[in-house]
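Here is the structure we will look at, set down as structure tokens.
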Number of protein chains: 2
Amino acid sequence: MQAVLVDQLRKANRRITVQRMQVFEGVKGLDSHPSALEVFEAVKPRLPSISLATVYRNLHILRLEGLLREIHCDRGITRFDSNLSEHYHFHCTSCQRVSDVPSYSREIERSFSEKTGLHISGHHLTFQGLCNDCLKVEPSR
Amino acid sequence: MQAVLVDQLRKANRRITVQRMQVFEGVKGLDSHPSALEVFEAVKPRLPSISLATVYRNLHILRLEGLLREIHCDRGITRFDSNLSEHYHFHCTSCQRVSDVPSYSREIERSFSEKTGLHISGHHLTFQGLCNDCLKVEPSR
DNA sequence: CCCTTACCGATAAAAGTTCTCAATAGCATG
DNA sequence: CATGCTATTGAGAACTTTTATCGGTAAGGG
Ligand SMILES: [Zn+2]
Ligand SMILES: [Zn+2]
Ligand SMILES: [Zn+2]
Ligand SMILES: [Zn+2]
């Protein structure tokens with residue numbers, strides 16, 4: 001299992017450590033696009049001796065190797081995403097949870113690139129709103 | 001000048017101070033969507049005694065009153081935008097500058113809301129790429 | 001001109017992230 | 001399986017970005 005992950009790490013001359021695997025599993029297990037601290041707290045029960053610095057270090061490495069993605073929705077927080085397929089996001093402005101939106105349009109990039117002549121490497125689309133849970137609690141706004 | 005700004009502040013029981021006006025002018029003058037520190041450095045020559053805390057305080061208040069907007073592109077940095085009209089952004093992944101993209105589609109929200117049944121209050125679209133300046137310097141990638 | 005209080009500057013504190021370093025452990029090699 | 005090289009770890013310091021605290025100041029209404 002996780003053959004792709006292990007192969008990719010080996011190829012990049014990265015070692016397969018328990019901490020690194022657990023950090024990856026931590027992000028993958030939490031489908032809510034967790035922050036570094038949330039990953040730390042998810043991994044800690046299984047690996048009580050792990051350091052927060054190790055979590056940050058491995059999140060950084062896994063992103064460098066293209067095994068995780070970063071997203072920026074809130075102020076001052078970096079969130080991590082194990083879903084590498086092209087997709088958009090929905091950010092609940094009340095509970096701050098981020099969920100995937102399974103749609104994507106490469107046409108948006110092509111159209112923008114054609115209009116401006118700029119070199120485009122990607123685009124992020126994020127919807128803001130209230131999730132169904134939060135809509136029940138505060139029907140205001 | 002700045003009649004709308006002054007009226008809006010008065011209406012909200014906010015005082016018109018030199019610092020507050022200069023912070024607003026600082027964001028407006030820098031069309032690059034500056035960070036709080038960049039605003040501070042832009043204002044300092046005109047108001048050498050201003051404190052960084054005052055810049056943060058007023059950016060926060062101006063956003064609360066709907067006179068500025070926040071955007072989140074980089075890791076851990078909040079940028080400010082004086083352009084209140086609906087528009088998208090282009091983020092250069094090399095020099096980190098953010099520029100406006102004068103297009104917007106409310107249809108995207110309607111379509112998403114219809115598909116998912118979720119309550120949408122807005123959406124952000126950001127393109128990543130290399131600006132023309134950076135493309136000259138590093139034609140790689 | 002005076003009074004109330006929102007605001008200011010300075011600084012400490014909090015939150016998020018990265019750096020430093022000695023000790024450890026992957027893993028290639030034999 | 002034993003050995004050696006070095007990437008990685010844990011702990012804590014340091015750094016960056018943002019917010020809170022507080023005594024003094026000044027905006028603006030009366
Ligand atoms: Zn919610
Ligand atoms: Zn996602
Ligand atoms: Zn650039
Ligand atoms: Zn803008």
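Below, chains carry the letters A, B, ... as their sequence lines are ordered, and counting in each starts from 1. None of the values given here were measured: they were computed from a predicted structure.
- In this structure, B:Gln19 and B:Leu47 have side chains that are in contact, with non-hydrogen atoms separated by less than 4.5 Å.
- At least one donor-acceptor pair under 3.5 Å links the side chain of B:His33 to the backbone N or O of B:Val98.
- Using a 4.5 Å cut-off on side-chain heavy atoms (C-beta onward), A:Cys95 and A:Asp133 make no contact.
- A heavy-atom distance below 4.0 Å to DNA chain C is reached by these residues of residues 13-24 of chain B, ordered by number: B:Arg14, B:Arg15, B:Thr17, B:Gln19, B:Arg20.
- Contacts of B:Tyr88 classified as ring pair (Phe, Tyr, Trp, His ring centres under 6.0 Å), with partners at least two apart in sequence or in another chain: B:Tyr104, B:His123.
- Residues from residues 75-82 of chain A lying near DNA chain D, meaning a heavy-atom separation below 4.0 Å, are A:Arg75 in numerical order.
- Note that the first and last nucleotides of DNA chain D, 5' to 3', having any atom under 4.0 angstrom from a heavy atom of chain B are D:dT17 to D:dG28.
- Put simply, B:Val55 and B:Ile71 are part of two different groups of oily side chains (I, L, V, M, F, W, Y) that touch within less than 4.5 Å, one to the next.
- Side chain to side chain, A:His89 and A:His91 fail the donor-acceptor criterion of an N or O pair below 3.5 Å.
- In this structure the side chain of B:Ile16 reaches within 4.5 angstrom of the side chain of B:Arg10, judged on heavy atoms.
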Please report, to 0.1 Å, the donor-acceptor pairs under 3.5 Å made by any side chain of residues 56-69 of chain A, with sequence neighbours excluded.
unit_1  : atom_1 : unit_2  : atom_2 : d
A:Arg57 : NH2    : A:Thr54 : OG1    : 3.0
A:Asn58 : OD1    : A:Arg20 : NE     : 2.6
A:Asn58 : OD1    : A:Arg20 : NH2    : 3.2
A:Asn58 : ND2    : A:Thr54 : O      : 3.0
A:Arg63 : NE     : A:Glu70 : OE2    : 2.9
A:Glu65 : OE2    : A:Arg14 : NE     : 3.1
A:Glu65 : OE2    : A:Arg14 : NH2    : 3.4
A:Arg69 : NH1    : A:Ser85 : O      : 3.4

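- Across residues 57-68 of chain A, A:Arg57, A:Asn58 each have a non-hydrogen atom less than 4.0 Å from an atom of DNA chain D (numbered order).
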